[in-house]
2 protein chains.
Amino acid sequence: MTTEIKEKKENSNIVFIGEKPFMNYVTGVVMQFTTQNLAEVIVKARGKFISRAVDVVEVATKRFLDDTVEVVKEGIKIGSEDFTNKEGKQVRVSFIEISLRKKK
Amino acid sequence: MTTEIKEKKENSNIVFIGEKPFMNYVTGVVMQFTTQNLAEVIVKARGKFISRAVDVVEVATKRFLDDTVEVVKEGIKIGSEDFTNKEGKQVRVSFIEISLRKKK
């Protein structure tokens, strides 16, 4: 539990995409760049939420941030990792990480 | 119709991910590299099939092609495009393109 909280604090520029309402994530990404004034934000998702992560990035950058933020060159990474699901079963799941950065 | 067929022939190294059984796409990608002996294959998907495209790439490269094929550096592209859905309505949909290449 402690590690989890610590990790969250250290990785505060990471937005994990899950099953909350879509606009929560869009607002989250937008606010990291505006209110929090961060230069770089990483959008992460696993499994079925990968599609959603791409949607969030598209809407946040094109509709809300008006192309002042872009996907970093070589900034999209995919892979798979072992993951323990709700039933406690070990499964292999794909992930995506999309790095966004303020345009110079 | 003619244009569509022509495009298909010219873009034969592209695998479009849709709602067919998952393994069809995995086999499709694997065979492009083995039977067809292509050096590069592009996996494309739109909307909810984006997650599936990542799964297909992971399974094809890691489980079947045994890491002889890799994602090209800067080879993952995301974006959005206008798309006319089944109801004839114009909608904006996200897409992903993942380029795979035989390792040297």
Side-chain angles (χ1 to χ4, degrees), chain A residues 15-19 21-23 25-26 29-30 40-83 85 90-101 103, chain B residues 15-19 21-23 25-26 29-30 40-83 85 90-101 103:
Chain A
V15 176
F16 281 98
I17 307 301
E19 55 200 0
F22 182 75
M23 286 307 294
Y25 300 107
V26 173
V29 172
V30 171
E40 186 161 341
V41 171
I42 299 168
V43 175
K44 284 188 77 165
R46 274 199 287 235
K48 64 176 177 179
F49 297 115
I50 291 175
S51 308
R52 211 160 198 226
V54 176
D55 288 338
V56 167
V57 166
E58 283 300 305
V59 173
T61 58
K62 296 198 177 146
R63 204 184 313 159
F64 288 88
L65 294 161
D66 208 19
D67 281 326
T68 57
V69 164
E70 64 190 348
V71 174
V72 176
K73 209 177 167 185
E74 297 178 40
I76 309 177
K77 198 185 144 192
I78 62 169
S80 49
E81 57 194 8
D82 287 323
F83 173 71
N85 69 11
Q90 190 100 334
V91 289
R92 194 144 192 90
V93 68
S94 301
F95 68 82
I96 195 165
E97 289 179 18
I98 306 169
S99 300
L100 303 174
R101 191 158 50 197
K103 282 187 189 173
Chain B
V15 176
F16 281 98
I17 307 300
E19 56 199 359
F22 182 75
M23 286 307 295
Y25 300 108
V26 173
V29 171
V30 171
E40 188 162 339
V41 170
I42 299 168
V43 176
K44 285 189 77 166
R46 273 199 287 233
K48 64 175 177 179
F49 297 114
I50 291 175
S51 307
R52 211 159 198 230
V54 176
D55 288 340
V56 166
V57 166
E58 283 299 304
V59 173
T61 57
K62 295 196 178 147
R63 203 186 310 161
F64 287 90
L65 293 161
D66 206 19
D67 281 325
T68 57
V69 164
E70 63 191 351
V71 174
V72 175
K73 212 176 163 184
E74 298 177 39
I76 308 178
K77 198 184 145 194
I78 62 170
S80 50
E81 56 192 11
D82 287 322
F83 173 71
N85 68 11
Q90 190 99 333
V91 291
R92 195 144 191 89
V93 69
S94 301
F95 67 82
I96 195 166
E97 289 179 17
I98 306 168
S99 300
L100 303 173
R101 191 158 48 196
K103 281 187 191 173

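Quantities reported herein were computed from a predicted structural model and do not represent experimental measurements.
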Discussion item. Suppose a student defines contact as a heavy atom less than 4.5 Å from any heavy atom of chain A. Which residues in residues 68-75 of chain B would they list?
Written reply: B:V71, B:K73, B:E74

Discussion item. Below 4.5 Å, heavy-atom pairs only: which of A:I98, A:I78, A:V93, A:I96 has the largest tally toward chain B?
Written reply: A:I78

Practice prompt. Flag yes if more than 12 heavy atoms outside A:Q90 fall under 6.0 Å of its CD atom; otherwise flag no.
Written response: yes

Response to the item:
Between A:G79 and B:K62 the two heavy atoms that sit nearest each other are CA-NZ, 4.2 Å

Discussion item. Please determine whether the number of non-hydrogen atoms from other residues, nucleotides or ligands lying under 6.0 Å from atom CZ of A:R92 exceeds 12.
Written reply: yes

Worksheet item: Do any of residues 49-59 of chain A have a heavy atom less than 4.5 Å from a heavy atom of chain B, and if so, which, in residue order?
Response: A:F49, A:I50, A:S51, A:V54, A:D55, A:V57, A:E58

